[in-house]
2 protein chains.
Amino acid sequence: MMEKYKFFDLPEFSTVKDILENERKNYVITLFGLCKILYAGRASSIATYSSRLITFKPDGSVLVHSNKKLKPVNWQPSSSEVKVELGDELKIYVERKRPKEVLEILMPIVYYLSLSKVDEGEFHLFGSESEMVEEVVKNPELISRDFIPLEREYQTPFGKIDLLGVTSTGYLVLEFKRAQAGLEAVSQLKRYVDYLSWKGEKVRGGIVAPSISKSALKLLKKYELEYFQLSPRLLSTIRLK
Amino acid sequence: MMEKYKFFDLPEFSTVKDILENERKNYVITLFGLCKILYAGRASSIATYSSRLITFKPDGSVLVHSNKKLKPVNWQPSSSEVKVELGDELKIYVERKRPKEVLEILMPIVYYLSLSKVDEGEFHLFGSESEMVEEVVKNPELISRDFIPLEREYQTPFGKIDLLGVTSTGYLVLEFKRAQAGLEAVSQLKRYVDYLSWKGEKVRGGIVAPSISKSALKLLKKYELEYFQLSPRLLSTIRLK
DNA sequence: GCCTAGGTCCCGTTG
DNA sequence: CAACGGGGCCTAGGC
């Protein structure tokens with residue numbers, strides 16, 4: 001039977017190698033130690049010797065954390081492969097095939113290593129953009145009295161329209177944002193509207209979002225597009241203290 | 001003197017509370033245990049009871065990791081505050097002010113707790129978009145024989161132009177991408193070109209990127225914009241094995 | 001496999 | 001402070 005966790009104080013390099021090679025699929029492995037890190041792939045980077053926390057997950061993802069920020073200093077996404085070489089320093093190579101990328105972790109010392117039986121658990125998120133679209137499909141009058149939704153994720157050669165519908169004046173293209181809409185949202189909408197116009201359709205376009213930035217609103221008007229105020233629905237049983 | 005790390009097997013809730021309240025600024029603290037997590041803020045979420053790894057960093061960032069993927073299941077960015085309540089379960093509240101968000105971590109059991117003296121270290125990244133712009137500023141002929149760069153990050157009411165310059169035919173707006181350019185890059189460029197056109201300027205626009213998607217290229221031509229092939233320079237001393 | 005678009009994006013930077 | 005845009009973005013979903 002597998003224990004919930006195991007812990008090794010100042011493990012030998014050979015122990016670390018053995019564990020990384022044989023237990024990586026069963027446990028989340030955390031190393032704490034001095035390390036220097038080289039990354040080469042889509043970009044390249046160097047992180048000088050410093051004590052950091054390194055996490056290896058069963059799916060192949062690897063995270064190297066400093067003492068700040070949410071984002072790891074370096075990382076490798078899932079389905080990466082791990083190889084370990086012994087020597088004066090412990091050398092850990094984490095490779096990914098496509099795109100071809102390598103993370104090279106050099107450790108002169110490992111202070112501790114832990115193995116933890118971490119599970120996945122259930123997870124539910126509320127307040128996404130797609131939930132906003134659903135609400136409008138169910139209650140089209142949230143947009144206007146004469147709005148009739150036709151298709152979600154309507155494919156054009158230049159991207160997917162969140163929700164395409166019609167009103168008495170022709171097509172209406174809607175672009176949804178769960179948070180404040182910015183310039184990018186307007187440009188995106190304009191792209192879809194341009195496409196339908198090029199096809200000779202009579203078409204209007206609108207942003208559906210809880211708010212919109214000032215410059216985005218200005219651009220929206222320049223392009224003769226519209227704004228519909230709508231907020232995502234959060235789970236009311238979760239309360240802010 | 002502070003130790004490199006400390007480790008507690010099956011710590012009492014009161015110990016966890018004490019450490020989270022008094023050592024959070026000095027160490028990266030990792031909890032491994034059963035937990036249920038409620039999040040409320042920009043969105044809301046529930047993660048059911050499951051064993052997960054929870055990391056608290058000195059700057060206030062908190063990460064809750066499952067056994068998969070790079071992204072934490074739940075998290076809180078830096079400058080969050082931590083409060084702990086004792087009871088049948090350990091209750092950890094992580095709050096952030098703007099935007100107002102709360103993470104509520106309920107733990108019936110903590111298998112282990114560790115404190116690690118993690119440092120920041122130096123970090124250098126090569127191959128960013130801004131390095132590409134620099135290269136073009138130094139070698140404008142990479143774009144064309146008659147291109148003269150005028151201003152980086154040129155401010156318009158509708159966003160910043162990566163590099164604005166002139167050629168014999170008028171202004172040239174350049175939008176850089178360090179990886180393949182997609183539809184969004186074209187829309188972004190179009191927005192800047194539109195602005196200068198509205199001002200009555202004679203203006204061309206171009207994407208500078210290592211590659212461009214087929215549909216993006218099609219849209220680029222529809223909009224009568226141009227494409228210049230250029231790759232970011234990686235650090236050659238870092239080699240792929 | 002390519003590619004589009006969302007994300008509790010995070011994050012730095014600038015007005 | 002608001003807000004724009006980059007990112008080794010990551011990741012899911014379509015074709």
Side-chain angles (χ1 to χ4, degrees), chain A residues 39-45 61 63 68-78 96 98-103 125-133 153 155-162 175-185 187-188 191-192 211-216 219 232 234 238, chain B residues 39-45 61 63 68-78 96 98-103 125-133 153 155-162 175-185 187-188 191-192 211-216 219 232 234 238:
Chain A
Y39 155 74
R42 288 164 292 173
S44 48
S45 72
S61 23
L63 306 94
K68 292 198 175 125
K69 301 289 147 84
L70 281 175
K71 260 188 73 174
V73 177
N74 282 108
W75 67 90
Q76 203 67 291
S78 34
R96 192 189 171 194
R98 223 177 330 270
K100 170 87 169 162
E101 295 195 290
V102 181
L103 200 60
L125 182 91
F126 309 88
S128 63
E129 178 188 295
S130 72
E131 286 181 349
M132 292 174 68
V133 181
E153 304 289 308
Q155 299 276 346
T156 78
F158 303 125
K160 287 169 271 186
I161 293 171
D162 283 339
E175 173 58 33
F176 289 71
K177 290 295 162 197
R178 65 170 307 287
Q180 176 167 282
L183 293 167
E184 187 197 287
S187 287
Q188 198 181 339
R191 195 202 305 154
Y192 308 142
S211 61
I212 183 165
S213 74
K214 277 182 190 168
S215 38
L219 184 62
L234 307 188
I238 302 182
Chain B
Y39 155 73
R42 288 165 292 175
S44 49
S45 72
S61 23
L63 306 95
K68 291 193 176 131
K69 299 290 147 84
L70 283 175
K71 258 187 75 173
V73 177
N74 283 109
W75 68 89
Q76 202 68 289
S78 32
R96 135 195 221 216
R98 225 179 325 270
K100 170 88 169 160
E101 296 194 290
V102 181
L103 201 59
L125 183 90
F126 308 88
S128 63
E129 181 189 292
S130 72
E131 287 181 348
M132 292 174 68
V133 181
E153 304 290 310
Q155 299 274 349
T156 78
F158 303 125
K160 285 171 271 189
I161 294 171
D162 282 340
E175 173 58 34
F176 289 72
K177 291 295 162 197
R178 67 169 306 288
Q180 175 166 285
L183 293 168
E184 190 197 284
S187 288
Q188 199 181 337
R191 194 201 307 155
Y192 307 141
S211 61
I212 183 165
S213 74
K214 277 183 191 168
S215 36
L219 183 62
L234 306 188
I238 301 182

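All heavy atoms count here, side chains included; hydrogens, waters and symmetry mates do not. A quick note: this is a predicted structure, and the numbers were derived from the prediction, not measured.
If you measure from atom NZ of B:K177 to atom C1' of C:dC3, you get 16 Å, rounded to the nearest angstrom. Distance A:E129 CD to C:dT8 C1': 14 Å, rounded to the nearest Å. As a whole-Å value, the separation of B:L70 CG from C:dG7 P is 19 Å. Following rounding to the nearest Å, A:E175 (CD) and C:dA5 (C1') show an atom-to-atom distance of 9 Å. Separating the CG atom of B:L219 from the P atom of C:dC3 is a distance of 14 Å, rounded to the nearest angstrom. Atom CZ of B:R42 and atom C1' of C:dC9 are 8 Å apart (whole Å). Atom CG of A:L183 and atom C1' of C:dG15 are 14 Å apart (whole Å). What separates CD of A:E153 from P of C:dC3 is a distance of 19 Å, to the nearest Å.
Note on A:V133: nothing from the nucleic acid sits closer than 4.0 angstrom, heavy atoms only. Residue contacts shown for A:S215 are limited to sugar-phosphate atoms, with no base heavy atom under 4.0 Å away. Across all strands, B:R191 comes closer than 4.0 Å only to sugar-phosphate atoms, never to a base (heavy-atom distances). Residue-level contact check: B:Q180 touches the backbone only, with heavy atoms under 4.0 Å from sugar-phosphate atoms and none from bases. Across all strands, A:Q188 comes closer than 4.0 Å only to sugar-phosphate atoms, never to a base (heavy-atom distances). Note on B:P77: only backbone sugar-phosphate atoms sit closer than 4.0 angstrom, heavy atoms only; bases stay farther off. Contacts of B:K71 with the nucleic acid, taken as non-hydrogen atoms under 4.0 Å apart, involve only primed sugar atoms and P, OP1 or OP2. Among the protein residues, A:S130 comes within range of no part of the nucleic acid, since none of its heavy atoms lies under 4.0 Å from any strand. Counting non-hydrogen atoms under 4.0 angstrom, B:Q76 reaches nothing in the nucleic acid.
A donor-acceptor pair under 3.5 Å is absent between the side-chain atoms of B:R96 and the main chain of B:L103, judged by distance alone. A:Y192 places a side-chain N or O within 3.5 Å of a backbone atom of A:K160 that can act as its donor or acceptor partner. In this structure a side-chain-to-backbone donor-acceptor pair under 3.5 Å is present from B:E101 to B:R42.
Not one side-chain nitrogen or oxygen of B:R98 sits closer than 4.0 Å to the OP1 or OP2 atom of C:dT8.
For the pair A:G159 and B:A43, both in contact range of DNA chain C, the more 5′-proximal nearest nucleotide belongs to A:G159. Map B:R178 and A:A216 each onto its nearest nucleotide of DNA chain D; the residue landing nearer the 5' end is A:A216. Nearer to the 5' terminus of DNA chain C, by closest-nucleotide assignment, is the contact made by A:P157 (compared with the other of A:P157 and B:Q155). Taking the nucleotide of DNA chain D with the nearest heavy atom to each of B:S128 and A:G182, the more 5' of the two is matched to A:G182.
Annotation for A:K69 and B:S78: closest pair CE-OG, 3.9 Å, computed over non-hydrogen atoms. The minimum heavy-atom distance between B:P232 and B:G127, with the atom names listed, is CB-O, 3.6 Å. The shortest non-hydrogen separation linking A:S187 to B:R191 is OG-NE, 2.8 Å. When every heavy atom of B:S45 is checked against every heavy atom of A:L125, the shortest pair comes out as CB-CD1, 3.9 Å. Across every non-hydrogen atom of B:L183 and B:L219, the tightest pair is CD2-CD2, 3.9 Å. Taking every heavy atom of both residues into account, A:F126 and A:L234 meet most closely at O-CD2, 4.0 Å.
Evaluation of the side-chain hydrogen bond (donor to acceptor under 3.5 Å, both in side chains) rule for B:S215 yields no partner, not counting sequence neighbours.
Chain A approaches DNA chain D over the interval D:dA3 to D:dG14, counting the first and last nucleotide 5' to 3' with an atom under 4.0 Å from its heavy atoms.
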Fill in the blank from the handout: Note, DNA chain D 5' to 3' with Watson-Crick or G-U pairs under 3.5 Å encoded as ( ), [ ], | and . gives |||||||.|||||||
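Going from the P atom of D:dT11 to that of C:dC11 covers 16 Å, rounded to whole Å.
By the 6.0 Å contact criterion, CD on A:E131 is enclosed, its count of non-hydrogen atoms from other residues, nucleotides or ligands being greater than 12.
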